[in-house]
Amino acid sequence: MPAPILVTGGCGFIGSNFIRLILETEPEVSLINLDQLTYAGNLANLTDVADNPRYRFVHGDIADRTVVRQLVQSGVSGIINFAAESHVDRSIQDSGPFIRTNIVGTQTLLDAAREFSVPRYLQVSTDEVYGSLGASGFFTEETPLAPNSPYSASKAAADLLVRAYVHTFNFPAVVTRCSNNYGPYQFPEKLIPLFITNLQRDESVPVYGDGQNVRDWIHVLDHARAIWAVYRQGRVGEVYNAGGHSEKTNLELTHLLLDILGKPKTLIKYVKDRPGHDRRYAIDTSKIEKELGWKPKVTFEQGLRDTVQWYLDHPDWIAGIRTGDYLKYYQKQYGQMAC
Ligand code: NAD
Ligand code: DAU
């Protein structure tokens, strides 16, 4: 069995879906998951694989040089960096944790990977580094970076740091930039799980501004498959976009959720807009499709229905998040609060 791949931020939404998928589909691969267990990291996202002999969890911070060096020195065949502060609204409240984790954390991983000659590194970046589109057009990998929020600026800094390490040190890295993910295990601060869990309780859903902002939605498993394709076959130094070809205004999406859950439109509540709110994201995925043969498989209609059903079927997971039970669990486990 080859040395394990170090996955960071694997207790979050996308990382946990990625880990489950890879353990299921790649019998020769073993994984170490380094996660700090912030408010967004939840061990309950991976209880079903916790005892898998090809999986190991390590509680730690990607910006902690000692922890990262120890892990990387012990021998890893590659690094896939999911760990991040990921919510735009939180970055508007306080950008500090975003700078530390997203930029300093990435730098710490890159330095350790260089020091111990790790042969492969994938940076999970985001389409938000491109900024905002007008009514037409798509982000390609050549679109200039123009981030608009502290979150996207910190992700762009990390993304460009990876580029600089490739250019300066011949560092063997690849980068993915994906659009908005949805699916199971997403923390209910993001639009889709927030709206589903509010509507389930007949609570209103806060639509920012006029609700006409557009996002391109992709199922989290399609994103996970894109990351794996780029990790395995992407050309060093290259960036690969991924997206779901499912552009929706926030209002269209809200109506779909109301229909699926059988709730009235009166639950829509228009609220003050997010400062600096990007108007539209849309992704040109021709590079990853042509070069790596990747395509999104999950249709938005089916994926959204399945996602709603997942939240309906997992009241304990939602209750644990709402009451902070999982944070108490960490406290017991690690002797401190995780956030
Ligand atoms: P998330 O917030 O659900 O999970 C983040 C995870 O990182 C958590 O488990 C958290 O505990 C961990 N973490 C945070 N700081 C850490 C640190 N200093 N050290 C170790 N672990 C730490 O995020 P997500 O939605 O799963 O996003 C994962 C990655 O994908 C991020 O890099 C994000 O920028 C990127 N991305 C997200 C989307 C999306 O739609 N959610 C789209 C494109 C790219
Ligand atoms: O595009 C990729 C990005 O998608 C990722 O890099 C980010 O980590 C991820 O959080 C996501 O960013 P967004 O800001 O697009 O996602 P969010 O779910 O916060 O918001 C989606 C849209 O819905 C956006 O236009 C803002 C709006 N919104 C959001 C919330 C939480 C509302 O109208 N009301 C809300 O309560």
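When reading the values below, keep in mind they use all heavy atoms of this one structure, side chains included, and skip hydrogens, waters and symmetry mates. Counting starts at 1 for both ligands and their atoms, following the listed order. The shown structure was predicted, so the numbers you read here are calculated from the model rather than taken from an experiment.
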Quiz item: For atom 23 (O) of ligand 2, what's the nearest protein heavy atom and its distance?
Solution: L191 CD1, 2.9 Å
Exercise. Find all atoms of ligand 2 within a distance of less than 4.0 Å from any non-hydrogen atom belonging to R215, and give their numbers and elements.
Key: 15 (O), 24 (C), 25 (O)
Quiz item: When only distance counts, is Y151 in polar contact with ligand 2, meaning an N/O pair under 3.5 Å?
Solution: yes
Quiz item: Does P206, backbone or side chain, put an N or O under 3.5 Å from an N or O of ligand 2?
Solution: yes
Quiz item: Stepwise, does the side-chain contact (heavy atoms from CB on, under 4.5 Å) test hold for N45 with C11?
Solution: CA-CA 6 Å; N45 294 357; C11 293; 5.6 Å; no
Exercise. Would you check, one step at a time, whether the test side-chain contact (heavy atoms from CB on, under 4.5 Å) holds for E26 with L21?
Key: CA-CA 8 Å; E26 303 293 334; L21 177 75; over 6 Å; no
Exercise. With sequence neighbours excluded, tell me which residues meet side chain to side chain contact (heavy atoms under 4.5 Å, CB included) with P150.
Key: S91, I92, S95
Quiz item: Is it the case that one hydrophobic cluster holds both V124 and L46, taking links as side-chain heavy atoms less than 4.5 Å apart, direct or via other members?
Solution: yes
Distance-only donor-acceptor pairs under 3.5 Å for side chains of residues 106-113, two or more places apart:
| residue | atom | partner | partner atom | Å |
| --- | --- | --- | --- | --- |
| T106 | OG1 | N81 | ND2 | 3.4 |
| T106 | OG1 | N102 | O | 2.7 |
| T108 | OG1 | V104 | O | 2.7 |
| D111 | OD1 | Y165 | OH | 2.7 |
| D111 | OD2 | R65 | NH2 | 3.2 |

Quiz prompt | Face-on cation placement of R114 at Y121 ring, 6.0 Å and 45° thresholds | solution = no
Quiz item: With under 30° as parallel and over 60° as perpendicular, where do the rings of Y208 and H277 fit, or are they tilted in between?
Solution: perpendicular
Exercise. Please identify which atoms of ligand 2 are closer than 4.0 Å to at least one heavy atom of V207.
Key: 33 (O)
Exercise. Before accepting this row, confirm whether a basic side-chain N of the pair E128/R177 lies closer than 4.0 Å to the acidic partner's carboxylate O.
Key: no
Quiz item: Are Y182 and V214 co-members of a hydrophobic cluster defined by side-chain heavy atoms under 4.5 Å apart?
Solution: no
Practice problem: Before accepting this row, confirm whether a basic side-chain N of the pair R279/D210 lies closer than 4.0 Å to the acidic partner's carboxylate O. | Solution: yes
Practice problem: Starting from atom 14 (O) of ligand 2, locate the nearest protein heavy atom and write down its residue, its atom name and how far away it is, to 0.1 Å. | Solution: R274 NH1, 2.6 Å
Practice problem: Number the atoms of ligand 2 from 1 as they appear, then name those within less than 4.0 Å of a heavy atom of L194, with their elements. | Solution: 36 (O)
Self-check item: For atom 7 (C) of ligand 2, the option (of S86, S91, P193, G211) bearing the nearest heavy atom
Solution: S86
Any protein N or O within less than 3.5 Å of an N or O in ligand 1? List each pair with its distance, or say none.
| residue | atom | partner | partner atom | Å |
| --- | --- | --- | --- | --- |
| ligand 1 | 2 (O) | S86 | OG | 2.6 |
| ligand 1 | 3 (O) | F13 | N | 3.1 |
| ligand 1 | 9 (O) | G12 | N | 2.9 |
| ligand 1 | 9 (O) | D35 | OD1 | 3.3 |
| ligand 1 | 9 (O) | D35 | OD2 | 2.5 |
| ligand 1 | 11 (O) | D35 | OD1 | 2.6 |
| ligand 1 | 11 (O) | L37 | N | 3.4 |
| ligand 1 | 11 (O) | T38 | N | 3.1 |
| ligand 1 | 11 (O) | T38 | OG1 | 3.2 |
| ligand 1 | 18 (N) | Q36 | OE1 | 3.0 |
| ligand 1 | 18 (N) | D61 | OD1 | 2.8 |
| ligand 1 | 18 (N) | T101 | OG1 | 3.0 |
| ligand 1 | 19 (N) | I62 | N | 2.9 |
| ligand 1 | 21 (N) | Q36 | N | 3.1 |
| ligand 1 | 23 (O) | S86 | OG | 3.3 |
| ligand 1 | 26 (O) | F13 | N | 3.3 |
| ligand 1 | 26 (O) | I14 | N | 2.8 |
| ligand 1 | 32 (O) | F82 | O | 2.9 |
| ligand 1 | 32 (O) | K155 | NZ | 2.7 |
| ligand 1 | 34 (O) | Y151 | OH | 2.6 |
| ligand 1 | 34 (O) | K155 | NZ | 3.0 |
| ligand 1 | 40 (O) | N181 | N | 2.9 |

Quiz item: Among protein heavy atoms, which sits nearest to atom 29 (C) of ligand 2, and what does the distance come to when rounded to 0.1 Å?
Solution: Y208 CE1, 3.5 Å
Quiz item: What do you reckon, does D278 have a nitrogen or oxygen under 3.5 Å from a nitrogen or oxygen of ligand 2?
Solution: no
Quiz item: What heavy-atom pair brings Q212 and T249 nearest, and what distance separates the two atoms?
Solution: OE1-CG2, 3.6 Å
Practice problem: Report, in ascending order of atom number, the atoms of ligand 2 lying under 4.0 Å from any heavy atom of H87. | Solution: 19 (O)
Self-check item: Flag, side chain of N17 to backbone of F13, donor-acceptor distance under 3.5 Å
Solution: yes
Quiz item: R274 and N213: side-chain contact (heavy atoms from CB on, under 4.5 Å), yes or no, with the steps?
Solution: CA-CA 11 Å; R274 172 187 280 174; N213 302 66; over 6 Å; no
Practice problem: Could you find the nearest protein heavy atom to atom 1 (O) of ligand 2 and give me its residue, atom name and distance? | Solution: D127 OD1, 2.5 Å
Practice problem: Could I get the full list of side chain to side chain donor-acceptor pair (under 3.5 Å) partners for R100, not counting sequence neighbours? | Solution: D61
Quiz item: Does ligand 2 have any atom sitting under 4.0 Å from a heavy atom of E189?
Solution: yes
Quiz item: Is it the side chain (CB and beyond), the backbone, both or neither of E128 that lies under 4.0 Å from ligand 2, heavy atoms counted?
Solution: side chain
Quiz prompt | Under-4.0 Å heavy-atom contact with ligand 2, by part of N180 that carries it | solution = both
Exercise. Could you find the nearest protein heavy atom to atom 24 (C) of ligand 2 and give me its residue, atom name and distance?
Key: H277 NE2, 3.4 Å
Quiz prompt | Protein contact to atom 27 (C) of ligand 2 [nearest heavy atom, distance to 0.1 Å] | solution = N250 ND2, 3.4 Å
Quiz item: What part of I192, side chain from CB on, backbone N/CA/C/O, both or neither, has a heavy atom under 4.0 Å from ligand 2?
Solution: neither
Quiz item: What part of S179 sits under 4.0 Å from ligand 2 if we count only heavy atoms: the side chain, the backbone, both or neither?
Solution: backbone
Practice problem: Fit a plane to each ring of Y151 and F98, take the angle between them on a 0 to 90° scale, and name the class: parallel (under 30°), tilted (30 to 60°) or perpendicular (over 60°). | Solution: perpendicular
